Trainee: 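Questions regarding the structure given below will be posed in turn.
What you are looking at is a predicted structure, and each value in this text was computed from that prediction instead of being measured.
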Amino acid sequence: MGAHITISEASARSGVSAKMIRHYEQIGLIDPPVRGENNYRFYDPRLIHELGFIHRSRDLGFSIADIRALLSLWRDRKRPSAEVKAIALAHIAELDEKAAALQAMSRQLRHLAANCHGDDKPDCPILDNLAAVQSSVQSRT
């Protein structure tokens, strides 16, 4: 095996759990390992860079589909940077949309919390609001 490393070594060196490495193999994100006589997985040490790339991409919130596309572009040294930028800009738009939705949720909950006295009385607009949402869901079903 020589230059190959085990899944434990790959995990320790990349910061990606062995379980996630196996998952990335199963979905074809990374190449399958070489199997030794004892059926252990043995990886090319260059995989550490790919796992680091995937790990950083996940930290930035990219989807598996985006990571697959980005990995392909990263592996192609003659890639057009316009494709990479397009993926990043699309992801930024998704993040901005999610951030706006979270801000709206925060404002609504902040308003409800400000109007909840937080005392021994049962009145609480937070619960009233949640119950109203539940009622509207039940009326649609």
Side-chain angles (χ1 to χ4, degrees), residues 1-119 121-141:
M1 287 285 121
H4 288 86
I5 58 175
T6 66
I7 195 167
S8 297
E9 292 170 297
S11 176
R13 290 173 56 186
S14 68
V16 176
S17 72
K19 182 178 180 178
M20 285 307 296
I21 293 172
R22 286 190 295 274
H23 174 70
Y24 294 152
E25 289 170 28
Q26 289 173 344
I27 63 173
L29 197 58
I30 60 173
D31 291 334
V34 173
R35 295 284 185 160
E37 290 177 18
N38 53 9
N39 208 28
Y40 283 174
R41 292 173 165 85
F42 289 100
Y43 298 89
D44 187 305
R46 292 176 295 191
L47 177 68
I48 301 305
H49 297 292
E50 287 188 11
L51 291 172
F53 184 99
I54 294 166
H55 187 66
R56 179 75 175 125
S57 298
R58 294 295 291 172
D59 284 349
L60 291 173
F62 283 104
S63 68
I64 293 295
D66 286 340
I67 294 171
R68 188 180 309 278
L70 289 167
L71 264 174
S72 177
L73 290 166
W74 180 60
R75 290 171 182 146
D76 177 6
R77 296 297 178 204
K78 296 180 182 180
R79 68 197 168 259
S81 65
E83 289 183 47
V84 178
K85 186 173 182 175
I87 293 169
L89 291 175
H91 184 56
I92 290 168
E94 291 172 11
L95 290 173
D96 288 345
E97 189 176 311
K98 289 177 185 177
L102 288 170
Q103 287 293 329
M105 286 183 234
S106 178
R107 281 191 302 274
Q108 182 180 13
L109 191 52
R110 192 177 315 278
H111 172 75
L112 292 170
N115 290 305
C116 183
H117 297 292
D119 54 20
K121 296 179 183 170
D123 297 335
C124 182
I126 299 169
L127 296 176
D128 295 341
N129 182 273
L130 294 173
V133 171
Q134 183 62 32
S135 298
S136 67
V137 170
Q138 286 177 349
S139 66
R140 284 188 269 166
T141 57

Trainee: Can any side-chain N or O of Arg46 pair as donor or acceptor with the backbone N or O of Tyr43 at less than 3.5 Å?
Mentor: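 Checking the backbone N and O of Tyr43 against the side chain of Arg46, no donor-acceptor pair under 3.5 Å is found.
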Trainee: Quick one: pull up CD1 in Ile64 and CD1 in Ile54 and give me the separation to the nearest 0.5 Å.
Mentor: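 Nearest 0.5 Å value for the CD1-CD1 distance: 7.5 Å.
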Trainee: Please check this pair: side chain of Ser11 against backbone of Ile7, looking for a donor-acceptor N/O pair closer than 3.5 Å.
Mentor: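 No, Ser11 side chain to Ile7 backbone: no donor-acceptor pair under 3.5 Å.
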Trainee: Measure the CZ-CG distance between Phe62 and Leu95 for me, rounded to the nearest 0.5 Å.
Mentor: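 So the CZ of Phe62 and the CG of Leu95 are separated by 8.0 Å.
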Trainee: Show me the pairs that pass ring pair (Phe, Tyr, Trp, His ring centres under 6.0 Å) and involve residues 19-41, at least two apart or across chains.
Mentor: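 Every candidate ring pair (Phe, Tyr, Trp, His ring centres under 6.0 Å) pair involving residues 19-41 fails, so no pair, neighbours aside, qualifies.
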Trainee: For a quick test of reading the model, state the closest non-hydrogen atom pair linking His55 to Gly15 and the distance between them.
Mentor: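 Looking at all heavy atoms of both residues, the closest pair is CE1-O, 3.8 Å.
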Trainee: Please round to the nearest 0.5 Å and tell me the distance separating atom CG of Asn115 and atom CD1 of Ile126.
Mentor: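 With rounding to 0.5 Å, CG (Asn115) is 9.0 Å from CD1 (Ile126).
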Trainee: Has the side chain of Ser57 got a donor or acceptor atom that lies under 3.5 Å from a matching backbone atom of Phe53?
Mentor: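 Pair found, side chain donor or acceptor close to backbone of Phe53.
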Trainee: Just do the side chain to side chain contact (heavy atoms under 4.5 Å, CB included) check on Asp123 and His117 with the steps written out, would you?
Mentor: CA-CA 8 Å; Asp123 297 335; His117 297 292; 5.6 Å; no
Trainee: For His4 and Asp44, work out which heavy atoms get closest and say how close.
Mentor: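 Here His4 and Asp44 meet closest at CD2-N, 3.7 Å.
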Trainee: Checking His111 side chain against Ser106 main chain: does a donor-acceptor pair fall under 3.5 Å?
Mentor: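 Not confirmed, His111 side chain does not pair with Ser106 backbone.
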Trainee: Give the C-alpha distance, both sets of side-chain angles, the deciding distance and a yes or no for side chain to side chain contact (heavy atoms under 4.5 Å, CB included) between Arg58 and Val16.
Mentor: CA-CA 11 Å; Arg58 294 295 291 172; Val16 176; over 6 Å; no
Trainee: Once you round to the nearest 0.5 Å, how far does CG of Leu47 lie from CD1 of Ile30?
Mentor: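 That separation rounds to 4.5 Å.
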Trainee: Does a donor on one side chain sit under 3.5 Å from an acceptor on the other, for Glu9 and Thr6?
Mentor: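 Their side chains do contain a donor-acceptor pair, which is all the 3.5 Å distance test asks for.
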Trainee: Looking at Arg35, is its backbone amide N or carbonyl O close enough to the side chain of Asn39 to form a donor-acceptor pair, meaning the two atoms are under 3.5 Å apart?
Mentor: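 No; judged by distance alone, with no hydrogens or angles, the pair does not exist.
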Trainee: What pairs of residues pass the salt bridge (Lys or Arg N to Asp or Glu O under 4.0 Å) test when at least one of them lies in residues 82-111, not counting sequence neighbours?
Mentor: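 For residues 82-111, and leaving out neighbouring residues, there are no salt bridge (Lys or Arg N to Asp or Glu O under 4.0 Å) pairs at all.
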Trainee: For Arg75 and Glu50, what are the C-alpha separation, side-chain angles and deciding distance, and is it a side chain to side chain contact (heavy atoms under 4.5 Å, CB included)?
Mentor: CA-CA 9 Å; Arg75 290 171 182 146; Glu50 287 188 11; 2.9 Å; yes
Trainee: Tell me if the CZ atom of Arg22 is crowded by more than 12 foreign heavy atoms within 6.0 Å.
Mentor: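 It does: Arg22 CZ has more than 12 such atoms within range.
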Trainee: Under a 4.0 Å N-O cut-off, is there an ion pair linking Lys78 with Asp76?
Mentor: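 Salt bridge: no.
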Trainee: Got a second to check how far Gln26's CD is from Met20's CE, nearest 0.5 Å?
Mentor: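 Output value for this atom pair is 10.0 Å.
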Trainee: Which atom pairs, donor and acceptor, lie under 3.5 Å between side-chain atoms of residues 65-72 and protein residues at least two apart or in another chain?
Mentor:
| unit_1 | atom_1 | unit_2 | atom_2 | d |
| --- | --- | --- | --- | --- |
| Asp66 | OD2 | Ser63 | OG | 3.4 |
| Arg68 | NH1 | Ile27 | O | 3.4 |
| Arg68 | NH1 | Gly28 | O | 3.4 |
| Arg68 | NH2 | Ile27 | O | 3.1 |

Trainee: Report the distance from atom CG of Leu73 to atom CD1 of Ile87, rounding to the nearest 0.5 Å.
Mentor: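 Between atom CG of Leu73 and atom CD1 of Ile87 there are 5.0 Å.
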